[in-house]
*Asks:* 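Provided herewith is a single structure, encoded as structure tokens, for subsequent inquiry.
Source: prediction; values computed, not measured.
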Amino acid sequence: MTLQTNLPSSAVPGPGGETVPVWSDPSVDTATRVKALMAEMTLREKVAQLFGVWVGASAEGGEVAPHQHDMEEGVDLDALLPDGLGQLTRPFGTNPVDPALGALSLLRTQERVRSANRFGIPAVAHEECLAGFSAWGATAYPVPLSWGASFDPALVRRMAAAIGRDMRSVGVHQGLAPVLDVVRDARWGRVEETIGEDPYLVGTVATAYVQGLESAGIVATLKHFAGYSASRGGRNHAPVSMGARERADVILPPFEMAVREGGVRSVMHAYTDTDGIPSAADRELLTGLLRDTWGFDGTVVADYFGIAFLKIMHGVAGDWAEAAAAALAAGVDVELPTVKTFGEPLVAALEAGDVDVALVDRALERVLRQKVELGLLDAGWDPVPEVLRDVPADVLAAVAGPGDEAAVAALRGTVDLDGPANRALAREVAEQAVVLLANDGVLPLGPDVRRVALVGPTAEDPMAVLGCYSFPAHVGLAHPEIPLGISLPTLAASLRAELPGVTLDVLPAITLDGTSDPSSTGAVSTAEVAAADAAGIAAAVELARQADVVVVALGDRAGLFGRGTSGEGCDAESLRLPGAQQDLLDALLATGRPVVATILSGRPYALGAAATPAPGEPGAAAIVQAFFAGEEGTPAVAGVLSGRVAPSGRLPVSVPGTEGAQPTSYLAATLAQATDVSNIDPTAAFAFGHGLTYTSFDWSDLVVSAAEAATDGAFQASFVVRNTGARDGVEVVQLYAHDPVASVVRPVQRLVGYVRVPLAAGASARVSATVPADVLSFTGRDGRRIVEPGAIELRFGASSADVRLVAPVTLVGAVRVVDHTRELHAPLVVG
């Protein structure tokens, strides 16, 4: 970097004897560096650090181009950059760009950003990473709902570290993940982005993801803070009707855990309002709780256009300046994805004295501190990303010069973001996340199975394993002329590879959602589609009658804002399978052939008679659930069907018994269960935590060290788990707490601990649990979190509906108030 000639008087000698300003000297403490830089900045330079610009990398390696969006006016980078720039929004995730050329484009842009402002400050580049780095050619890992199904935080931590390393290698600094929203209504389109319906599962898995991402040097971003998933009717961006107790005991604990234990450096506010207060303007939430109570000292970033929504959607601001002021006062530091309210409207309000400059300085201090931590202000900061550092000198010279087409061509294809190690990790996550819901013995498929009919709309759809925020689904569909960039084997291809001696007859039979193919240019009427679906079902029935086993391939298509059956803005009116899929499933069941239902989806669906047959009616012989399991998802499902993979996934969300009984959750009080005074039965077909294996386990020899503990004490318990089957397998031990009498209404039970127990055939292990009284706390009548004396049941189970051992214990002593320093875990140890 060329040092500026107008250095401030506070300049100090650098390590090489050259003169550098205080803020560029890495030997000086962060607070001093930030203070010195802020003292030199004009008002416009300060504000410029508080917003991003949405850009797209150049496919030829040139500088990025501003992304045009219907929510914003065009951005003139030449006018903006002299004052500086806080963030670059999604340089890789806006257009399909070769990773090496994207890295080159980002490098050139960072040089432009640095050279344009008088302090040489680069921008923070951020990207989405909800199911892997959202870039062309990058590994598409399983979606977060599959992370939850794995019940394996350590595995998720390894996956996140790999994602973070790929992002860092091309010059990205911040990832917009994980999502910590707890599922409250499975009709919500973004269920696929969540980890599950239990706050402890969400908190532990999300915290592991944060730790992995941060270990790679990427700033993790918690979202969406807070309550987004509890919107009315499961509708995206809808208001939230939620009491303070539900918010405190269900919605907030995952965020609290990630802040306390994850080392997270950024939080994104939610779009929604709760009881009339939008999250983006909620000072009590973003400052009072997050910072003053929990001690978070990172940056709070806006969800895309969320500050503008204070005016457009929420009506709590009369103009852009009021929206900016409200967000700043609440504690939002950075406007994303691009400049709208934090630009000229904010500057004008500051110059007029309508907004306190101290609010800008508060946000700026946090932003600059993070840039110091990332090394972006160091005099020796090298803008060349890792993937370009071994490029030959002549190519590097071209990078620094006006451009060289030969050098650009030499770079194309040199960066692999989907190498063998990534795919192996994606395969491991996918295999652990597949959930075997039901099995009458048909699985694994035996040698007597010679002919299989694979029927259904996801049988030959390579996109059926991808979530909404995977690059091919999120961006790639808009560029059909560009290859997907990764290998996506279909379920048909994976089954052929898995069952080479079996005749496989394949028939998609019906459209996925009862509409024409979204990639089709021809108009097809609803009646024509319905007629085609009916004909397809008839053909599927005939094919099924010739097969030994029928595998029916059902599921979702991920999309955005109504262009899919799952994903952001793709909310469901009911939990009936999309389109004619239930009709297809029912028709296949009626053939009397063994039917194995495989569901590749982003949310749980009611499966009708397949899951809950009436007396005398046939149900499915087996049901296999995979929540958008990523690029290795179909080999994982095929492996479970063949028996190569021993299923070990467990449900992170309940599978409903009926399609219309929503919202429901296992985390519910007695009044929310089935009763004699309502004709609606919300009982799940398959409960939270459920999942079968290809072996059997016996639980025995429960020992409790003491039946009583003080309200500031802990319980100790242990028992033996034995694999009594003929195959190796994994039992997932889950610990639930039941509080039969409390001062406020409590859920019947809630998860407080879990552990995966891998056991060889015939082997056994003792599982020990330590249960601090703190984890039994809840929000009392006065709004304080308390541990209350009284009877408790510690329930050890294979699911929330399959309790194997119960330890009745009692808390004694006075009611005890606890806070954010309380114990959060009831550790379960195998040994």
*Asks:* What's the shortest heavy-atom distance between L376 and P122, and which atoms?
*Replies:* O-CD, 3.2 Å
*Asks:* Checking the side chain of D303 only, and the main-chain atoms of M268 only, is there a donor and an acceptor separated by less than 3.5 Å?
*Replies:* no
*Asks:* Give me the atom names and distance for the closest heavy-atom approach of V301 to V332.
*Replies:* C-CG1, 4.4 Å
*Asks:* Within this structure, what is the OH-CG distance for the pair Y209 and L180, rounded to the nearest 0.5 Å?
*Replies:* 11.5 Å
*Asks:* Using a strict 4.0 Å threshold on nitrogen-to-oxygen distance, state whether D25 and R33 make a salt bridge.
*Replies:* no
*Asks:* Where do S566 and G602 come nearest, in terms of heavy atoms and distance?
*Replies:* OG-CA, 3.6 Å
*Asks:* Mind checking whether Y228 and Y271 have parallel, tilted or perpendicular rings, split at 30° and 60°?
*Replies:* perpendicular
*Asks:* Identify the two heavy atoms, one from A208 and one from P153, that lie closest to each other, and give their separation to 0.1 Å.
*Replies:* CB-O, 3.2 Å
*Asks:* Could you give the distance from CG (L477) to CZ (R563), rounded to the nearest 0.5 Å?
*Replies:* 9.0 Å
*Asks:* Quick one: do the E261 and T207 side chains pair a donor with an acceptor below 3.5 Å?
*Replies:* no
*Asks:* For L336 and T89: C-alpha separation, side-chain torsions, deciding distance, then whether side chain to side chain contact (heavy atoms under 4.5 Å, CB included) applies.
*Replies:* CA-CA 8 Å; L336 296 178; T89 294; 4.0 Å; yes
*Asks:* Could you check Q174, Q87, H173, R90 and say which one makes a side-chain hydrogen bond (donor to acceptor under 3.5 Å, both in side chains) with H126?
*Replies:* Q87
*Asks:* Output yes when a side-chain donor or acceptor of Q211 lies under 3.5 Å from a complementary backbone atom of R157, and no otherwise.
*Replies:* no
*Asks:* Do any N or O atoms from the side chain of R168 and from the backbone of P385 form a donor-acceptor pair under 3.5 angstrom?
*Replies:* no
*Asks:* Starting at CG of L80, measure out to CG of D76 and round the result to the nearest 0.5 Å.
*Replies:* 6.5 Å
*Asks:* Are the charged groups of R44 and E344 less than 4.0 angstrom apart, N to O?
*Replies:* yes
*Asks:* Can any side-chain N or O of T299 pair as donor or acceptor with the backbone N or O of S266 at less than 3.5 Å?
*Replies:* no
*Asks:* Using a strict cut-off of less than 4.0 Å between a Lys/Arg side-chain nitrogen and an Asp/Glu carboxylate oxygen, indicate whether R112 and D78 qualify as a salt bridge.
*Replies:* yes
*Asks:* Verify, without hydrogens or angle tests, whether S215 (side chain) and G212 (backbone) share a donor-acceptor contact under 3.5 angstrom.
*Replies:* yes
*Asks:* Hey, could you give me the CG/CD distance between L176 and E127, rounded to the nearest 0.5 Å?
*Replies:* 8.0 Å
*Asks:* Can you tell me which residue among D83, L37, L364 is in a side chain to side chain contact (heavy atoms under 4.5 Å, CB included) with E45?
*Replies:* D83
*Asks:* Any salt bridge between R423 and D418, counting N to O under 4.0 Å?
*Replies:* yes
*Asks:* Using a 3.5 Å distance criterion without hydrogens, assess whether the side chain of S24 forms a donor-acceptor pair with backbone atoms of L377.
*Replies:* yes
*Asks:* Please confirm whether the backbone N or O of P91 pairs with a side-chain atom of T94, one donor and one acceptor, at under 3.5 Å?
*Replies:* no
*Asks:* Taking S169 for its side chain and V387 for its backbone only, find out whether a donor-acceptor pair lies under 3.5 Å.
*Replies:* no
*Asks:* Taking all heavy atoms of F51 and all of A48, pick out the closest pair and write down the distance.
*Replies:* CE2-CA, 3.6 Å
*Asks:* May I ask you to say whether E335 pairs ionically with K340, meaning some side-chain N is under 4.0 Å from a carboxylate O?
*Replies:* no
*Asks:* For W23 and F119, take the angle between the two ring planes, folded into 0 to 90°, and tell me which bin it lands in: parallel under 30, tilted 30 to 60, perpendicular over 60.
*Replies:* perpendicular
*Asks:* How long is the straight-line distance from CZ of F309 back to OG of S279, given to the nearest 0.5 Å?
*Replies:* 13.5 Å
*Asks:* Apply ring pair (Phe, Tyr, Trp, His ring centres under 6.0 Å) to residues F255 and W294 and explain how you reach the verdict.
*Replies:* CA-CA 10 Å; F255 291 95; W294 291 351; 7.5 Å; no
*Asks:* Would you confirm whether S105, through its side chain, and A57, through its main-chain N or O, come within 3.5 Å as a donor-acceptor pair?
*Replies:* no
*Asks:* W147 side chain to P142 main-chain N or O, any donor-acceptor pair under 3.5 Å?
*Replies:* yes
*Asks:* Strictly below 4.0 Å, N to O, side chains only: are E214 and R265 in salt-bridge contact?
*Replies:* yes
*Asks:* If the threshold is 4.0 Å, N to carboxylate O, is there a salt bridge linking R427 and E431?
*Replies:* no
*Asks:* Under 4.0 Å between a Lys/Arg side-chain N and an Asp/Glu carboxylate O for R114 and E111?
*Replies:* yes
*Asks:* With side chain to side chain contact (heavy atoms under 4.5 Å, CB included) as the test, would you mind laying out the steps for F133 and V172 before giving the verdict?
*Replies:* CA-CA 10 Å; F133 179 17; V172 175; 4.2 Å; yes
*Asks:* Hey, could you give me the CZ/CD distance between R158 and E428, rounded to the nearest 0.5 Å?
*Replies:* 4.0 Å
*Asks:* Which heavy-atom pair separates N422 from L417 by the least distance, and what is that distance?
*Replies:* ND2-O, 3.1 Å
*Asks:* State plainly whether the residues K223 and E193 are in salt-bridge range, i.e. N to O under 4.0 Å.
*Replies:* no
